[in-house]
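Quick notes on the structure that follows.
Because the structure is a prediction, the values reported are computed rather than measured. By convention here, the first residue in the shown sequence is residue 1.
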Amino acid sequence: MLFPRFTMRTILAVMTGCAVLFVVMGLGARGQTWAWGLVIGVVSLGTTALVHATWFGVVWYFSRLEDRRAAVKERS
């Protein structure tokens, strides 16, 4: 499937979450220390998730590569 199916509820929840995050970012830009901490925490979680997803993809790729080698050896 090229486009995943999202419900209107999911889209509205994501938009609301992004709006809250940007309001907090605006407060951080105005000098609120707690807002900077919260934004840094959210960005850290996102970065951690991306790093984990990247490593999962690398390990998954190499495991599939080993499966292909085993399949080629079985055919021979």
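Hydrophobic clustering of Ile, Leu, Val, Met, Phe, Trp and Tyr side chains at less than 4.5 Å, counting indirect connections, keeps Leu45 apart from Trp55. Follow the hydrophobic side-chain contacts under 4.5 Å out from Leu50 and you never reach Trp60; the two are in separate clusters. Placement of Val51 and Phe62 within a single hydrophobic cluster is found when ILVMFWY residues are connected by side-chain heavy-atom separations under 4.5 Å, directly or transitively. Transitive grouping of hydrophobic side chains (ILVMFWY, heavy atoms separated by less than 4.5 Å) keeps Leu21 and Val14 in distinct clusters.
Counting all heavy atoms, side chain and backbone alike, Thr10 lies closest to Thr7 at OG1-OG1, 2.9 Å. For Ala35 against Gly28, the heavy-atom pair with the smallest separation is CB-N, 3.5 Å.
Here the CE-CD1 distance, from Met25 to Ile40, works out to 10.5 Å after rounding to the nearest 0.5 Å. Interatomic distance, Leu27 CG to Trp36 CH2, rounded to the nearest 0.5 Å: 11.5 Å. Atom CG in Leu12 sits 10.0 Å away from atom CZ in Arg9 (nearest 0.5 Å).
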**OP:** Could you give me the CA-CA distance, side-chain angles and deciding distance for His52 and Phe56, then say whether side-chain contact (heavy atoms from CB on, under 4.5 Å) is met?
**Re:** CA-CA 6 Å; His52 281 96; Phe56 174 80; over 6 Å; no
